[in-house]
2 protein chains.
Amino acid sequence: MNDEKKEIVIIDRGHGSATLNDVAQAAGVSPATVSRCLNAPDVVRPAKRKRVFKAIEELSYVPHGAARALASRRTRMIGAIFPSLDNTLFGGMMEALQGEVAAAGYTLVVASSAYDPAQELKDVRNLISSGIDALTLVGASRELAVYEMIRRKRIPYVLNWISKAEGGHPCAGFDNLEAAARLTRYLLDLGHRRFAMISGHFINNDRAMARFRGVESTLRERGLDLPPERVLERRFGVDEGREAFRLLMSMPEPPSAVICGADPFAYGAIFESLDLGVRIPGDVSVTGFDDMWPASQITPSLTSVQTPRREIGITVAKYLLAKLSGQLIADPRPIETRLVVRDSTGPAKHA
Amino acid sequence: MNDEKKEIVIIDRGHGSATLNDVAQAAGVSPATVSRCLNAPDVVRPAKRKRVFKAIEELSYVPHGAARALASRRTRMIGAIFPSLDNTLFGGMMEALQGEVAAAGYTLVVASSAYDPAQELKDVRNLISSGIDALTLVGASRELAVYEMIRRKRIPYVLNWISKAEGGHPCAGFDNLEAAARLTRYLLDLGHRRFAMISGHFINNDRAMARFRGVESTLRERGLDLPPERVLERRFGVDEGREAFRLLMSMPEPPSAVICGADPFAYGAIFESLDLGVRIPGDVSVTGFDDMWPASQITPSLTSVQTPRREIGITVAKYLLAKLSGQLIADPRPIETRLVVRDSTGPAKHA
DNA sequence: AGTGTAAAAGAAAGCGCTTTCATTTTTGAT
DNA sequence: ATCAAAAATGAAAGCGCTTTCTTTTACACT
């Protein structure tokens, strides 16, 4: 008999929505077959498969994720915890990440730690309890309990926004230290010798720390030093950048180059320079980091390091998806950054 | 006998992690009691409860979300779909939303529709399949199938970023039309009569449309009109703002006030005015919308409408959580916006 | 102590799916 | 046609929890 022609009997259970069993009945097959149509279509004969999908359509059947997860022991959810969700850097990465995992049939679950390690630990716990199959976290510095928990639960994970971490954790990101070092070398080549840095707080932020160390070690290689009073740790923000820049410029021997650990500080410096009557780059060169959109629009336009946010998101997704599909995959390679030279940097004034 | 003293026997199942049953055994109670400790602690006697929590601690027990969801028919997940995740407006709302729902023990699941209704429909389907208990969507214009799906599944939902919608959908947001109207009245009071607008594309974007209509209807009330050639629809972006502004200023009778439907357009206008030698607000007044951070930093600082992103997130969360807990709750009230007057607007030049 | 009532605890039946194992059907070589 | 091997299907046992219903225990009052 021609399977395809069999009639589909619709049962209206009234309340709630159709289950896989309903579909099976309507299509006149066993539940197992319906399940297979969903998970491994090519193992079921075309005629039957067609009938099943017709029934699915007619009943507007939507699989029940929790039941699926419980039976198959995978939720098809991937978790991501960011220090903040209100941030165009992480936003760019999140957008790319979500797109990639969704394309593979996964759902993205997010949480914000608000830059608080204790909160991050709670988030991890919650996400694990929600059942995520894999996880990505920003940077490497956090409660050890986090690493222990994901190890014990055997959850594939990858740290992002950095390219390597102590302890051999897999990472998808770029080398913050090297990027900062390159920037520093560029400024040294322009003849600068008196440096200052405006940085995010180092605590709980290995990215900020790495950028600082990249600057510092490069200077030391050339026999220069970066005294602590010339390293200003601030909350990220334009106003903080203004204040710090003003402070630096009021020093007896102001720096000839101010390296900002993040773009907003540099925007602040540029805005403040107008009030101060300091010329950039005439009197002092200023650099940013991350290359957000105002960098190219502001006057003077800002020399900055372009960070590969989308690439990070895509790399994270590819790595985790590969892991989840059981593939043997090497840890991601470091992603390149680009130094974008614009008008905020120039030769050092002759001393 | 003293319950609290009973010893806790740890069973190591080796593989995988502890289940609720393991906890029950370790604590010497029934699984039902452990479940109650988790879901309604005060219904179990303190001594016993203590023992259970001790066992939970010792076994590092983490509840299995999917099993929980399957049995209780709620996932404790809330879904949110945004046109983009890489956007500080939605980012601010998302951050607040995530914080609120997490505090209530819920997990936030996100998706990006990339401003594409078809993609949004897929997203909704996926999220529903993931099992979200509630959902929030940006604006009101979308595939009707979306509304039908969430109605059929009886999923509590709320539209955000707007304050009302045809069809009686609950909304958490502000009145885009009225905010734009107020801004327009302010400019009219400054003596402006020749207006232009740079707007986001209207298609699939009821917020942009409402802002336009707010401007247009207010002008019409005063007997003025806003001819189509003075309404420029552009993709959101600074460069697009520059180009549009240049175009407007090259008209035979350039406008004396340019209303931008979003801040980035206005930043572009301000940047371009420097190249053009047009003075703001001397020659032309410019306004933004959303009041992003550059508004207060740029020169001239930008008059803009401050949109309550965090409040929207909080309102969405409160409304959905109330719905989920079965409370009778009225639809959210519109949230107020604030017109922030700065230096980019001034009296119209005497004609 | 003894009783009645309310509170606490337990037993057991699923929630909707996947997956193993057994059975049936199909295929292809003879 | 025939048979062995392979492919397709079905039956049924859970996945780890919640929740209803029932039984047990605690408590207040004579």
Side-chain angles (χ1 to χ4, degrees), chain A residues 1-4 6 11 13 15-52 56 59 61-76 128-131 133 153, chain B residues 1-4 6 11 13 15-52 55-56 59 61-76 105 128-131 133 153:
Chain A
M1 124 173 240
N2 187 339
D3 266 357
E4 232 174 279
K6 266 196 188 164
I11 297 112
R13 347 166 65 215
H15 67 89
S17 22
T19 71
L20 178 138
N21 259 297
D22 299 338
V23 174
Q25 282 203 8
V29 301
S30 75
T33 298
V34 178
S35 175
R36 280 190 275 259
C37 283
L38 260 28
N39 299 305
D42 27 52
V43 87
V44 22
R45 201 149 315 153
K48 211 158 258 196
R49 195 196 315 159
K50 204 159 172 182
R51 253 192 15 252
V52 169
I56 286 178
L59 293 170
Y61 167 71
V62 179
H64 191 296
R68 235 179 161 177
L70 183 56
S72 65
R73 318 170 127 279
R74 42 206 315 235
T75 55
R76 301 178 162 277
I128 287 180
S129 181
S130 294
D133 290 337
K153 291 277 175 184
Chain B
M1 124 172 240
N2 188 337
D3 266 356
E4 230 173 282
K6 265 196 188 163
I11 296 109
R13 342 165 70 215
H15 68 91
S17 24
T19 71
L20 179 138
N21 259 297
D22 298 337
V23 174
Q25 282 204 6
V29 301
S30 75
T33 299
V34 179
S35 176
R36 279 189 276 258
C37 282
L38 260 28
N39 300 305
D42 27 54
V43 86
V44 23
R45 200 146 320 146
K48 210 159 260 197
R49 195 196 314 157
K50 205 158 171 183
R51 250 191 19 247
V52 169
I56 286 178
L59 294 169
Y61 167 70
V62 179
H64 190 295
R68 235 178 160 178
L70 182 56
S72 66
R73 324 174 118 277
R74 41 207 314 237
T75 54
R76 302 175 165 278
I128 287 181
S129 182
S130 295
D133 290 337
K153 291 276 175 182

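Values below: all heavy atoms of this structure, side chains included; hydrogens, waters and symmetry mates excluded. What you see is a predicted model; the values in this text were computed from it and never measured. Letters A, B, ... are given to chains in the order of the sequence lines, protein chains preceding strands, and every chain is numbered from 1.
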Problem - Backbone N/O of B:Asp133 and side chain of B:Arg74: donor-acceptor pair under 3.5 Å - result: no
Practice task
Would you check if the side chain of B:Ser35 reaches a backbone N or O of B:Pro31 as a donor-acceptor pair within less than 3.5 Å?
Solution key: no
Handout entry: Closest to side chain of A:Ala71, choosing from C:dT19, D:dC17, D:dG14
Key = D:dG14
Handout entry: A:Ala32 side-chain proximity, nearest of D:dC15, C:dA9, C:dT19
Key = C:dT19
Below 4.0 angstrom from OP1 or OP2 of [N], is there any side-chain N or O of [X]?
X: B:Ser30; N: C:dG10; answer: yes
X: A:Arg73; N: D:dG16; answer: yes
X: A:Lys48; N: D:dA8; answer: no

Problem - Taking every non-hydrogen atom, the tightest pair across B:Ser129 and A:Pro63 - result: OG-O, 3.3 Å
Exercise for the section: Pick base, sugar-phosphate or nothing for A:Ser72, based on heavy-atom distances below 4.0 Å to the nucleic acid. Expected result: sugar-phosphate
Exercise for the section: Give B:Val29 one of three labels, base, sugar-phosphate or nothing, depending on what nucleic acid heavy atoms sit under 4.0 Å from its own. Expected result: sugar-phosphate
Handout entry: Value rounded to 0.5 Å, distance of NZ in A:Lys48 from SG in A:Cys37
Key = 9.5 Å
Completion exercise
Distance col, row B:Arg51:CZ vs B:Thr33:OG1, nearest 0.5 angstrom, shows 9.5 Å
Exercise for the section: Between A:Arg74 and B:Arg45, name the one whose nearest nucleotide on DNA chain C is closer to the 5' end. Expected result: B:Arg45
Fill in the blank from the handout: When A:Ser35 and B:Thr33 are each assigned the nearest nucleotide of DNA chain C, the 5'-most assignment goes to B:Thr33
Rounded distance in Å - [atom1] ([X]) to [atom2] ([N]):
X: A:Asn21; N: C:dG14; atom1: CG; atom2: P; value: 14 Å
X: A:Leu70; N: C:dT19; atom1: CG; atom2: P; value: 12 Å
X: A:Arg76; N: D:dC15; atom1: CZ; atom2: P; value: 21 Å
X: B:Arg51; N: C:dA8; atom1: CZ; atom2: P; value: 16 Å

Practice task
Enumerate the residues from residues 36-43 of chain A whose closest heavy atom to DNA chain D is under 4.0 Å, giving them by residue number; use none for an empty result.
Solution key: A:Arg36, A:Val43
Exercise for the section: Name every residue in residues 62-69 of chain A that has at least one heavy atom under 4.0 Å from any atom of DNA chain D, in order of residue number, or write none if there are no such residues. Expected result: none
Taking C-beta and beyond as the side chain, do [X] and [Y] meet within less than 4.5 Å on heavy atoms?
X: A:His64; Y: A:Leu70; value: no
X: B:Leu20; Y: B:Val23; value: no
X: A:Arg36; Y: A:Val52; value: no
X: B:Val44; Y: B:Val29; value: no

